[in-house]
Amino acid sequence: MRILEGIKKYSETKRAAVINVDSDKKTTLSYLELEKKSNSLARFIIENTNLVERTQTVKKPIPIHGGKEVSMLISMMATLKSGRAYVPLDVSFPPTRSKSIIDEVCPEIYIDVIEGKVRYADDKEIGLEEIFSSYDDSEIDRDTWVKDDENAYILFTSGSTGKPKGVQISANNLHSFEPWMSGELGINGDETVVMDQPAYSFDLSVTEVYTGLTNGATLFSISKEVANDFKALFSALESSNINVWISTPTFVSLCLANEDFNGDMMKGLNKFLFIGEVLPREVAHKLLDRFPKADVINGYGPTEATVGVSTVKINLEHVNGKRSLPVGTPMPGHFIFTLEEPKGEIIIAGPSVSKGYYNNPEKTKASFIFIDREELGKYSNYENFYVLEKLMDDFGGHVPAYKTGDVGKISDGQIYYHGRTDFQVKLGGYRIEIEDIESNLRKLDEVDNAVVVPIYKEEKISYLRAYVKLDEKYLKSNQVDSVDAKTIKNNLAKRVPKYMVPRNIRFLDSFPINTNGKIDRKALMEK
Ligand code: AMP
């Protein structure tokens, strides 16, 4: 894999691979340390699992639990070297959510970075430090590394049934995404500092990890504690020398609230990249004003097509125009189109498209399709038809494609985003299936039924509200008083991440019904 080659290459330099700032300490990990520690851990993994053949049905993925600690990156690289996929589990996941993911994966090995321990065969445990000091740190044979169509990582995202879906991303997928994105960000082997703030369980983080470590950049990694404490965050940013900023628009908006966040404060900053949710025009405008030397890039893409598939450099004409900002032109070698014209569901076809959801043929079938050679004629009117023709040859007449569920319009080669076909929302940059929250609410003892609706403020989702009908036994036994919004929220937070807990809860005796006999969500939203 290119990232592992990169780490090896830059381990011969004195460069730092990661500088992590936490509330009480700063940790630097050199490329040499990353290389050697990940070799030791990979060797431990290889020697402590019963590998018979080289197939990933035998090689179970490895969950890694933690936040932004440098050992997260060591663990991720070690699993790649051992030929296995990693599954990042962020510290913010409640235990029931992590457990449901672990049950899905049935791992042989589990790395707990928070505890500094690896759990393996029959519940045996060993400390990470002990592995680093006692296992051989010489190079792992490249033949063992994850390669070709094998999974490099599996990211679990909110699923409408209440169970997270595991998006499988292969070495091939990453080799399609990373060189393109490295070019877009100007990360080319020079000494560059790249911001590393999003959780490793969120696909946006793949951008800095893969572009950065492949090309000898230094990741400036910000812990959640620091990101949540503005004084600490600003002091870290000021001393960071960050050249490339990668975050959600929500995170940068919070920084923009402070006037000091400008080009004087971060003199080396030359690129902003945003992916994952709508980049509001005012946010882009402020950035162009305050950082006149930096490019503002809006990117678009889902986890299922390896983070991002289109980018556009935002200029004053865009921000002064009336339309919402474009989300970019497709990356080379990808055929991106809408099912209906001029506006319809966005379909992405090409080498960045995942093979599907882990252990979930049903959901995979619903969203992942193939465009076959016999269907070519259907697409001959599209402007970039030649890309599809080329892909047909590359993929032997069977091109993988992903139905995004996003509604878009493509004009003059630019993609414009126009919302969703389903109940998926983005809140604070997080991807949430509304039905995931509802299904977990219904699992609570106190709840009979629940409907969650997004509450909009100036065309942006401001927060979520849940309408809850309590279970009869709570009503009958007159326990209603004891079941308040706080109880519901606390109990829900045991099942889903905090960002999925609706801010506002309203209790109802019954739900409004529409003419089809279904719960009338529209009526609820207007309540
Ligand atoms: P995720 O898989 O978490 O990266 O979320 C992917 C979804 O985020 C996409 O399917 C879109 O709905 C949304 N999204 C990503 N980038 C943008 C963007 N630039 N503008 C609007 N929505 C976006």
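Keep in mind that the numbers below use all heavy atoms, side chains included, and drop hydrogens, waters and symmetry copies. Counting convention: from 1, in listed order, for ligands and their atoms alike.
The closest approach between Leu279 and ligand 1 stays at or above 4.0 Å for every heavy atom of the residue. Contact annotation: Thr157 has no heavy atom less than 4.0 Å from any atom of ligand 1. Residue-ligand proximity: Gly299 is placed with a non-hydrogen atom under 4.0 Å from ligand 1. Within the 4.0 Å heavy-atom shell around ligand 1 one finds Phe202.
Contact atoms of ligand 1 toward Arg420: 10 (O), 12 (O) (distance under 4.0 Å to a heavy atom of the residue). The Val327 neighbourhood of ligand 1 comprises atoms 18 (C), 19 (N), 20 (N), with distances under 4.0 Å to a heavy atom of that residue. Under a 4.0 Å criterion applied to the non-hydrogen atoms of Thr303, ligand 1 contributes the atoms 1 (P), 2 (O), 3 (O), 4 (O). Per-residue contacts place Val278 under 4.0 angstrom from the following atoms of ligand 1 (heavy atoms of the residue considered): 20 (N), 21 (C), 22 (N).
For Asp22, the side chain to side chain contact (heavy atoms under 4.5 Å, CB included) partners are Asn20, Asp24, Lys25, Ser223, Glu225, not counting sequence neighbours.
The option with the heavy atom closest to atom 6 (C) of ligand 1, from among Ala305, Gly301, Gly276, is Gly301. The closest non-hydrogen atom to atom 18 (C) of ligand 1, taken over Glu277, Glu304, Lys426, comes from Glu277.
With respect to atom 4 (O) of ligand 1, the closest heavy atom belonging to the protein is Asp203 OD1, 3.2 Å. Asp406 OD2, 2.6 Å is the protein heavy atom nearest to atom 10 (O) of ligand 1.
Checked by distance only, ligand 1 and Gln424 stay at 3.5 Å or farther apart across all their nitrogen or oxygen atoms. At a 3.5 angstrom cut-off on N or O pairs, Arg431 counts as close to ligand 1.
Figure legend: Arg290 and Phe261 shown without cation-pi pairing, the cationic atom not lying both under 6.0 angstrom from the six-membered ring centre and within 45 degrees of its axis. With a 6.0 Å cutoff to the six-membered ring centre and a 45° limit on the axis angle, Arg521 counts as a cation-pi contact of Phe423.
Salt bridge annotation for Glu150-Lys147: absent, with no cationic side-chain nitrogen under 4.0 angstrom from a carboxylate oxygen.
Aromatic pair Phe395/Phe370: centroids not less than 6.0 angstrom apart. For Tyr86 and Tyr200, the ring centers sit 6.0 Å or farther from each other. The aromatic ring centres of Phe337 and Tyr379 sit less than 6.0 Å apart.
More than 12 heavy atoms of other residues, nucleotides or ligands shown are found within 6.0 angstrom of NZ on Lys443.
One side chain, Glu178 or Ser182, offers a donor N or O that lies under 3.5 Å from an acceptor on the other.
Residues in residues 158-168 take part in these side-chain hydrogen bond (donor to acceptor under 3.5 Å, both in side chains) pairs, two or more places apart or across chains: Glu104-Lys163, Asn151-Gln168, Ser158-Asp436, Ser160-Lys363.
Counting heavy atoms under 4.0 Å from ligand 1, residue Tyr300 touches it through both backbone and side chain.
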